[in-house]
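Some notes on the structure that comes next.
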Number of protein chains: 2
Amino acid sequence: MNENSIERLSKYKSSLQKLKTLGFLKVFSDNLADALGIQSAQVRKDFSLFGISGKKRGGYNVEDLLTSINTILGKDRIENVIIVGCGNIGIALMNYRGFVREKIKIIAGFDIDPSRMAKVEKIPIYTMEKLKDFIHAESVKIAIIAVPDIAAQRVADLLISYGIKGILNFAPIKLKSQGEVVINNVDLIQEIEKVIYYANAMDDDNGKES
Amino acid sequence: MNENSIERLSKYKSSLQKLKTLGFLKVFSDNLADALGIQSAQVRKDFSLFGISGKKRGGYNVEDLLTSINTILGKDRIENVIIVGCGNIGIALMNYRGFVREKIKIIAGFDIDPSRMAKVEKIPIYTMEKLKDFIHAESVKIAIIAVPDIAAQRVADLLISYGIKGILNFAPIKLKSQGEVVINNVDLIQEIEKVIYYANAMDDDNGKES
DNA sequence: TAGATTGTTAATCGATTAACAATC
DNA sequence: TAGATTGTTAATCGATTAACAATC
């Protein structure tokens, strides 16, 4: 139930979806381990942690396993999500095809400047004034923040006060959560800095070798 | 030198930049620990790991610390980066202001469909045919992949064969790296699934309590 | 000097992995 | 049955934290 095991669950799901498409009926912990580049014991440990069991000698039924994982990840139904901040990143996420495939539905965008409306197909964009009523009317639980960093904490506080339970934050600032809410900060700068660091470190190593 | 310590280095940097703006001259491990929500021992351990030292009783000099961290993260100069795939996410990244501030310069985009050119200011977009020559001519070491998942592995293999050393991948597929290259996979689906899982888990807990 | 903070060592904690009995 | 795979326990590994001597 730690963060890593949740992430792996998400990866198992994606592997299993491909196996299902290919017509596979069963799968062994060893296969999934290979797909993720981990040990088979890890796979079995993860499953046992979430109460998923297979058949000794017979492995796991692909269909059943997928159903179990989807239930755990809350993917047995469509999740309605809103996006606050309709700049480049917000708009890109609205148009992102991958979400639809995973039963994640962006049902509205919010922005201080409603003139951006033209850019997106089929997803309405409202002014910030509508935020509160919309969240209540649609019982929205999950929101994506894609506003500039200076506005991010204020938007987060608003969302939390309106009853949002989970936030995915793209603003380059670590949001502090007060109360019963999950905040996942995606820091693009940090991600590319990691790449740059390791790429440089690798080059340095090569320099030493030669 | 593990992945977590690199990530923290990136966060220290961002805290230090703010402190510098505010005119702070020195900082204690305790201050940085508070800012990141970790223990001060962790901060000192990280610094000692990277050979950064402070003054007993006097803490760390903000300016010097920032310089040291920037050098380690390779941020003492502008890093030229290219983006392959100029769909919504690619374009959003090209327009992302945060990169400029961090000395990350997107110098070109590449796409099979060059008609997208109109959308971005000042960053040229070329056809895939120009990729090889451009990488060689400009000695590009870092690339961002923002193509659809089916094309991602092929693009990655191309980039690697052209000498790219670090890849930040936004396609929802775990790329396999052969050889001397760093690949950092940013999986947006996975990030939002984590939020949904924890938000649901939190709601379930509340249900039990009441 | 007395007090505060670093730098490092040792202890703790938690996650991964190895190993193997159970069993299909 | 013999062989293969799960599920779980115990061992290992690595990262975080506590503690404290050194010292400014």
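Note that the coordinates shown come from a computational prediction; the quantities given were computed from them, not determined experimentally. Lettering follows sequence order; numbering is per chain, from 1. The basis for the numbers below is simple: all heavy atoms, side chains too, and nothing from hydrogens, waters or symmetry mates.
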In whole angstrom, give the distance that lies between atom [atom1] of [X] and atom [atom2] of [N].
X	N	atom1	atom2	answer
B:K45	D:dT17	NZ	C1'	10 Å
B:I6	D:dA15	CD1	C1'	14 Å
A:F28	C:dC24	CZ	P	15 Å
B:K56	D:dT23	NZ	P	6 Å
B:K55	D:dC24	NZ	C1'	10 Å

Output yes when at least one side-chain N/O atom of A:R57 is less than 4.0 Å from OP1 or OP2 of D:dA2, else no.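 So the side-chain polar atoms of A:R57 never come under 4.0 Å of the phosphate oxygens OP1 or OP2 of D:dA2.
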Could you check whether B:N169 and B:N185, counting side-chain N and O atoms only, form a donor-acceptor pair closer than 3.5 Å?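 Present: a donor and an acceptor within the cut-off.
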Base, sugar-phosphate or nothing for [X]? Non-hydrogen atoms, less than 4.0 Å.
X	value
A:Y60	sugar-phosphate
A:S5	nothing
A:S53	sugar-phosphate
A:N2	sugar-phosphate

I would like to know whether B:F134 and B:Y162 meet ring pair (Phe, Tyr, Trp, His ring centres under 6.0 Å); could you show each step before the answer? CA-CA 10 Å; B:F134 189 94; B:Y162 298 160; over 10 Å; no
Ionic contact status for B:K165 with B:E180, cut-off 4.0 Å: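 Salt bridge absent between B:E180 and B:K165.
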Assess the residue pair A:K105 and A:E79 against the criterion (salt bridge (Lys or Arg N to Asp or Glu O under 4.0 Å)); give the C-alpha distance rounded to whole Å, side-chain angles, the decisive distance to 0.1 Å, and a yes or no. CA-CA 6 Å; A:K105 189 177 179 190; A:E79 185 74 43; over 6 Å; no
